[in-house]
Amino acid sequence: MRPDDANVAGNVHGGTILKMIEEAGVIISTRHCNSQNGERCVAVLARVERTDFLSPMCIGEVAHVSAEITYTSKHSVEVQVNVMSENILTGTKKLTNKATLWYVPLSLKNVDKVLEVPPVVYSRQEQEEEGRRRYEAQKLERMQTKWRNGDITQPILNPEPNTVSYSQSSLIHLVGPSDCTLHGFVHGGVTMKLMDEVAGIVAARHCKTNIVTASVDAINFHDKIRKGCVITISGRMTFTSNKSMEIEVLVDADPVVDNSQERYRAASAFFTYVSLSQDGRSLPVPQLVPETEDEKKRFEEGKGRYLQMKAKRQGQAEPQP
């Protein structure tokens, strides 16, 4: 990890790690989907399950990224990715990230055509059954995702500190060839990196301290983003607890070179950030002050997600009988 991979405090950007995770996922899933004779294809990211940042990675450490296919349905591939950091002076390694990603294979002849996935061989029957349950759960959640195509954040003049409008931020990016696959649409990892950058700006504006990514809820990719599009990545604070912040990030694509298609929602996710002192200790987070009815509603929804995840972590921490 080099200085341009990290923030001013030396912690590697969460978006940099997400990009590495996605690169590993697309390689292994594309290889698998082309492992049998048939129409050639490229695997495209459809969804990323919740990703926890278990330990910060620092400048000078070496990242080890490993990927494994854990389930295949007729048209999708589940990939589990682990990230380890290595101190090259001591040889010490630690697990920093675990993520689950879902890919779909698109035909090279027609990128709007989804192909069938070759089945994977399971070492035991239970693996297939567990994978099928995960597949059905993520499929249901994707169907329930609100697109909110008309929900565009707008800047407000002279906002008060610690309000939603005070820290909300947007990034406008023209999609160029370096952002895209050989087939003209954006790498999922590029989109995730930009999303994390915007979420980090929102968190930094709210706290005015060193901030790091703590976790990312499911990232849903609703539609492909093609080369030449202008994308707007918008971030806004939705909820704060004593020591964490939840930030909603929306990605809207505007196909400026194609007048036949209107602006559309391409991706959405919730990022959780924490504030750190100079010695790396967790700091209290300034409380968010929701003003409008929509902001109050989003705050309560964020509080529900926070309490649900807190209860889940506490349940996992309890010793098993």
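What's counted below: heavy atoms across the whole structure, side chains too, no hydrogens, waters or symmetry copies. Position 1 is the first residue of the sequence; numbering continues from there.
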Pairwise side-chain contact, [X] with [Y], heavy-atom cut-off 4.5 Å (strictly under):
{"X": "H222", "Y": "S268", "value": "yes"}
{"X": "R226", "Y": "P255", "value": "no"}
{"X": "S234", "Y": "Q168", "value": "no"}
{"X": "F53", "Y": "N97", "value": "yes"}
{"X": "T72", "Y": "Y122", "value": "yes"}
{"X": "Q36", "Y": "P119", "value": "yes"}
{"X": "M195", "Y": "L18", "value": "no"}
{"X": "L250", "Y": "R236", "value": "yes"}

Side-chain donor-acceptor pair present, Q80, T100, cut-off under 3.5 Å: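 Yes, a side-chain donor-acceptor pair sits under 3.5 Å.
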Under 3.5 Å, is there a donor-acceptor pair between the T96 and S85 side chains?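 S85 and T96 do not have a side-chain donor-acceptor pair below 3.5 Å.
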Kindly give the cluster partners of [X], where membership spreads through any ILVMFWY side chain lying under 4.5 Å from a current member.
{"X": "M84", "result": "L54, L95"}
{"X": "L115", "result": "none"}
{"X": "V114", "result": "V42, V44, V104, L106, L108, V111, F185"}
{"X": "V8", "result": "none"}

Judged by atom type as modelled, is there a donor-acceptor pair below 3.5 Å linking the side chain of N34 to the main-chain atoms of T30?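 Yes.
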For T51 and A99, indicate whether the former's side chain and the latter's backbone hold a donor-acceptor pair under 3.5 Å.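 Checking the backbone N and O of A99 against the side chain of T51, no donor-acceptor pair under 3.5 Å is found.
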Rounded distance [0.5 Å steps], [atom1] in [X] versus [atom2] in [Y]:
{"X": "L101", "Y": "M192", "atom1": "CG", "atom2": "CE", "result": "6.0 Å"}
{"X": "T232", "Y": "L171", "atom1": "OG1", "atom2": "CG", "result": "8.5 Å"}
{"X": "T70", "Y": "E128", "atom1": "OG1", "atom2": "CD", "result": "12.0 Å"}
{"X": "R134", "Y": "S73", "atom1": "CZ", "atom2": "OG", "result": "12.0 Å"}
{"X": "N220", "Y": "Q138", "atom1": "CG", "atom2": "CD", "result": "8.5 Å"}
{"X": "H206", "Y": "T163", "atom1": "NE2", "atom2": "OG1", "result": "9.5 Å"}

Between K113 and E39, is there a side-chain N and carboxylate O pair less than 4.0 Å apart?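 Counted as a salt bridge, because a side-chain N and a carboxylate O are separated by less than 4.0 Å.
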Closer than 4.0 angstrom, basic N to acidic O: yes or no for D196 and K19?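 So D196 does not pair with K19 through a salt bridge.
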For [X], what residues pass the salt bridge (Lys or Arg N to Asp or Glu O under 4.0 Å) criterion, not counting sequence neighbours?
{"X": "E22", "answer": "none"}
{"X": "R40", "answer": "none"}
{"X": "E300", "answer": "none"}
{"X": "K74", "answer": "E116"}

Side-chain heavy atoms nearer than 4.5 Å, only ILVMFWY residues, links allowed to pass through others: does that put V81 and M1 together?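 Hydrophobic grouping puts V81 with M1.
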Joint cluster assignment, V212 & I247, ILVMFWY side-chain distance < 4.5 Å: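 No, V212 does not connect to I247 through the hydrophobic network.
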Heavy-atom count around Q287 CD within 6.0 Å, excluding the residue itself: above 12?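 It does: Q287 CD has more than 12 such atoms within range.
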Determine, stepwise, if the pair H187 / T181 fulfils side chain to side chain contact (heavy atoms under 4.5 Å, CB included). CA-CA 6 Å; H187 289 287; T181 67; 3.6 Å; yes
Step by step, would you call V216 with V48 a side chain to side chain contact (heavy atoms under 4.5 Å, CB included)? CA-CA 9 Å; V216 185; V48 181; over 6 Å; no
Sequence neighbours excluded, which residues qualify as ring pair (Phe, Tyr, Trp, His ring centres under 6.0 Å) partners of Y135?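 So Y135 forms a ring pair (Phe, Tyr, Trp, His ring centres under 6.0 Å) with W102.
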Sequence-distant partners of F239, ring pair (Phe, Tyr, Trp, His ring centres under 6.0 Å), two or more places apart: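 With sequence neighbours excluded, F239 shows a ring pair (Phe, Tyr, Trp, His ring centres under 6.0 Å) to F299, Y306, given in chain and number order.
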Walk me through it: do H173 and L194 pass the test side chain to side chain contact (heavy atoms under 4.5 Å, CB included)? CA-CA 9 Å; H173 179 76; L194 292 172; 4.0 Å; yes
Mind jotting down which residue pairs meet the salt bridge (Lys or Arg N to Asp or Glu O under 4.0 Å) criterion with at least one end in residues 173-194? Sequence neighbours excluded, please.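 Every pair satisfying salt bridge (Lys or Arg N to Asp or Glu O under 4.0 Å) with a residue in residues 173-194: K193-E197.
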Table please: side-chain donor-acceptor pairs of residues 55-66 below 3.5 Å, with sequence neighbours left out.
unit_1 : atom_1 : unit_2 : atom_2 : d
S55    : OG     : K94    : NZ     : 3.2
E61    : OE1    : C58    : N      : 3.0
H64    : NE2    : E86    : OE1    : 2.6

Side chain to side chain donor-acceptor pair (under 3.5 Å) assessment of S277 paired with D279: CA-CA 5 Å; S277 64; D279 58 359; 2.2 Å; yes
